[in-house]
Chemist: 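This is the structure, below, for whatever I ask next.
What you see is a predicted model, and the numbers here were worked out from it, not measured in a lab. Naming: A, B, ... by sequence-line order, numbering from 1 per chain.
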2 protein chains.
Amino acid sequence: MEHESGQPPVRNISPVKETAGAALRRKQQVSMADVAKLAGVSSQTVSRVSNGSPDVIESTRRQVIAAMNELGYRPNSAARALKRGSFRTIGVITFSLSSLGNMRTLEAIALHAARQDFAITLIPVTAPTQAGIQGAFSRMGELAVDAVIAIMEVHLLDAATVTLPPGVKVVVVDSDAGEEYSVVDTDQADGARKAVRHLLDLGHETVWHVAGPEESFASERRAAAWRTTLADAGRAVPPVLRGDWSADSGYEAGLRLADEPGCTAVFAANDHMALGLLRAFREKGKAVPEDISLVGFDDVPEASSYAPPLTTVHQNFADVGNQCVDNVLQQIRTNTTKPGITLVPTQLVVRHSTAPPKH
Amino acid sequence: MEHESGQPPVRNISPVKETAGAALRRKQQVSMADVAKLAGVSSQTVSRVSNGSPDVIESTRRQVIAAMNELGYRPNSAARALKRGSFRTIGVITFSLSSLGNMRTLEAIALHAARQDFAITLIPVTAPTQAGIQGAFSRMGELAVDAVIAIMEVHLLDAATVTLPPGVKVVVVDSDAGEEYSVVDTDQADGARKAVRHLLDLGHETVWHVAGPEESFASERRAAAWRTTLADAGRAVPPVLRGDWSADSGYEAGLRLADEPGCTAVFAANDHMALGLLRAFREKGKAVPEDISLVGFDDVPEASSYAPPLTTVHQNFADVGNQCVDNVLQQIRTNTTKPGITLVPTQLVVRHSTAPPKH
DNA sequence: TTTGTGTATGTTTGCGCAAACATGATTGGT
DNA sequence: ACCAATCATGTTTGCGCAAACATACACAAA
């Protein structure tokens, strides 16, 4: 857009600014009344059109819609919410978005909620403390969300201390609070079982495990399933190594594992740690899968490009998110709570990091 | 729900609806009036306490707070927003959360906004079309957010077609709309320049480039900077290979590059593609960095565990997010728009994927 | 004492919307 | 032709909060 000199550049930016100035307070400057006046009807009729009431004759409806378009009318959701008591909003409380799984889940939640015309309000919990979570829930209460989905890996959701406004529904991802809340989660145990069985079926005598942090339910469930799968097969259960999900922690575990003489198969609790293990094995001169087989968990998009491409357990984060939304929406609709756990299945994806043991 | 006879049938049609409706409506059951009654003051005084007005005597304040606690009072943000015209909410429009950078940026935005007591409303754009973005902005208008941050890599933000309610401020991440909007972005050009200069300084004759998709501004900026850096140094500019950010696309590019005789140095537009390149080179028997040096972009946490650990350009997503929030909040406070581009610097992180050429 | 000044609190009002109720117009049946 | 039933539309009201204004009371200065 060219400008001759003499035009104050600010005009360029927003000639609307004066109006906008006054509009800061009531940014929604066009109200139903304005539309009503222009259309020559009552504001209630505008409301009816706005809500798709069938009791409006076609000609009137068209007039109103024309007036709406002309004025650029947008219903004010604050007023709407005040009147109806519902924001059509789901609050999502999450601790650390940086984990891939949480992000994916969040994305699915946002997408699925949008499909049902619900918005997402995001409240991050800075510190995984009771106080932090408490505060988040408290904020949610103020925000008058209709429901809350908590995405947390930590044990911190203590029912006794969480007080939501009555009528607000909760779904929790990854927790063992199934007795009191709706819980949706990946079927961690089955995924871990598949990973271990795969290695056992390949002929490995036993399987070592690099677990995630103890505070994580996901980690604990995977570790427990690994243990019982080995036990059920009558195999020895080696000591657990523990990482913090990061590739670096996997690397450290790998350094130790590489020196473990009998170790021919490892199940890492996630792909990133598996990547670290791969690096450690490489540096220690252990070939994967020839010397050591390795299975990860998550199936990150890059797993197929690892060296070698990683056999791993695929998690369906999109499904988890969708289930959360469906669950919470159903609770809203029926005004019931629905404790219980919904498990989303996993798939074992076999690539090139696993093979039968050499000897 | 059972009904004895005698109930008019209309009650029957939606017994659930009534309860659900009622519950939603009174979800925020405790109002200022209730607190006021219990505390023996007027509701206005409750409002004053609630907003921290200094004009309330200490004893009164304590009474009111006691009453609030007893009743579990939470201010109703719908009413508050209706009255004040502000939700203390920032809308974030994002296309595809699955990219690491977007996620990180979003996380920083959410965290930083929370610090200033703003909530985040998330609207995902399903399809990167004008209509999709239009719809998202339109929804934002209805949601009466105070400002919007658009996180998009695509050229789709066409000023002409985006109409926000006046008074709503916009900040855009990764776009060239700096003339009309506030734009905050990583300093892509400088980052790319650093990557190329690093390789040139190592003694490489020229640097090949695996770019991201054409629709991405980030990709185009990195490619342009790569080109001019080479040109400025008087080097030949090899043809660009193009991927789609994924490791798989990097792999394909790597397969071709490995057969390119004079290719001793490659700059990949992101780390995931670099990972794919690494795999391709490995399969083709090209050693990194002995035969080919490789630099990525992003510095994903796993980059240090790649084989070999990847030299890459670190992006400061947290800073980008923080700048976005600061920017938008300032616009809200001063009620001005503030076109212009804010660039967040990058850092070159040298690991083991680069070395002087063998010649 | 009176008057003034400030300070703590109460009262009124309206934000924009939609439920509830009221009205007026149009039908159809007899 | 009349009344009733239906339908389209208008009017009133209040959601919960906080700005604006009103009041009442305390204390200082005259």
Chemist: Between the main-chain N or O of A:Gln116 and the side-chain N or O of A:Arg88, is there a donor-acceptor pair closer than 3.5 Å?
Modeler: yes
Chemist: DNA chain D: B:Gln44 or B:Ala79, which has the more 5' nearest nucleotide?
Modeler: B:Ala79
Chemist: How would you label the contact of B:Val46 with the nucleic acid (heavy atoms, under 4.0 Å): base, sugar-phosphate, or nothing?
Modeler: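 Answer is nothing: B:Val46 stays at 4.0 Å or more from every strand.
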Chemist: Okay, side chain of A:Asn51, backbone of A:Ser53: is any donor-acceptor separation there less than 3.5 Å?
Modeler: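 Side chain of A:Asn51 to backbone of A:Ser53: no pair is present.
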Chemist: Which residue in the set A:Asn102, A:Ile151, A:Val171 passes side-chain contact (heavy atoms from CB on, under 4.5 Å) when paired with A:Val92?
Modeler: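 Going through A:Asn102, A:Ile151, A:Val171 one by one, the side-chain contact (heavy atoms from CB on, under 4.5 Å) with A:Val92 is satisfied by A:Ile151 alone.
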Chemist: Is A:Ser47 touching bases, backbone alone, or none of the nucleic acid, heavy atoms closer than 4.0 Å?
Modeler: base
Chemist: Can you identify which nucleotide, out of D:dA8, C:dT11, D:dG10, has its nearest atom closest to the A:Val41 side chain?
Modeler: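 The answer is D:dG10.
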Chemist: When you get a sec, tell me which of C:dA8, D:dC17, C:dA18 is the closest nucleotide to the side chain of B:Lys83?
Modeler: D:dC17
Chemist: Regarding A:Ser42 and A:Thr45, is there a side-chain donor-to-acceptor distance under 3.5 Å anywhere?
Modeler: yes
Chemist: Is any side-chain N or O of A:Thr45 closer than 4.0 Å to OP1 or OP2 of D:dA8?
Modeler: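 No, because none of the side-chain N or O atoms of A:Thr45 sits under 4.0 Å from OP1 or OP2 of D:dA8.
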Chemist: Could you give the CZ-to-P distance, from B:Arg88 to D:dC17, as a whole number of Å?
Modeler: 17 Å
Chemist: Would you kindly give the CD-to-P distance between A:Glu58 and D:dC7, to the nearest whole Å?
Modeler: 17 Å
Chemist: Quickly work out the A:Asp34 CG to C:dC15 P distance and round it to whole Å.
Modeler: 11 Å
Chemist: Would one find a side-chain N or O of B:Arg80 under 4.0 angstrom from OP1 or OP2 of D:dA18?
Modeler: yes
Chemist: Within the 4.0 Å heavy-atom criterion, would you say A:Thr60 contacts the bases, only the backbone, or no part of the nucleic acid?
Modeler: sugar-phosphate
Chemist: Which whole-number value in Å describes the distance from B:Gln63 CD to C:dA8 C1'?
Modeler: 13 Å
Chemist: Over how many whole Å does the gap from B:Tyr73 atom OH to D:dG16 atom P extend?
Modeler: 10 Å
Chemist: Round to a whole Å and report the spacing from CG of B:Asp55 to C1' of D:dA20.
Modeler: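 It is 14 Å, rounded to the nearest whole Å.
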Chemist: Have A:Thr336 and A:Gln331 got a donor and an acceptor in their side chains that come within less than 3.5 Å?
Modeler: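 No.
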Chemist: How long is the line joining NZ of A:Lys37 and P of C:dG16, in whole Å?
Modeler: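 In whole Å, C:dG16 P lies 13 Å from A:Lys37 NZ.
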Chemist: If you take atom types as modelled and just measure distance, does the side chain of B:Arg48 reach the base of C:dG10 with a donor-acceptor pair under 3.5 Å?
Modeler: yes
Chemist: What's the CE-P distance between B:Met32 and D:dA19, to the nearest Å?
Modeler: 10 Å
Chemist: Quick one: is B:Asn76 getting a side-chain N or O under 4.0 Å of the D:dC15 phosphate, OP1 or OP2?
Modeler: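 For D:dC15, OP1/OP2 do not have a side-chain N/O of B:Asn76 under 4.0 Å.
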Chemist: Taking the nucleotide of DNA chain C with the nearest heavy atom to each, does B:Arg61 or B:Leu82 sit closer to the 5' end?
Modeler: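 On the 5' side of the pair lies B:Arg61.
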Chemist: Give a yes/no answer on whether the side chain of A:Arg84 brings an N or O atom under 4.0 Å of OP1 or OP2 in C:dA18.
Modeler: yes
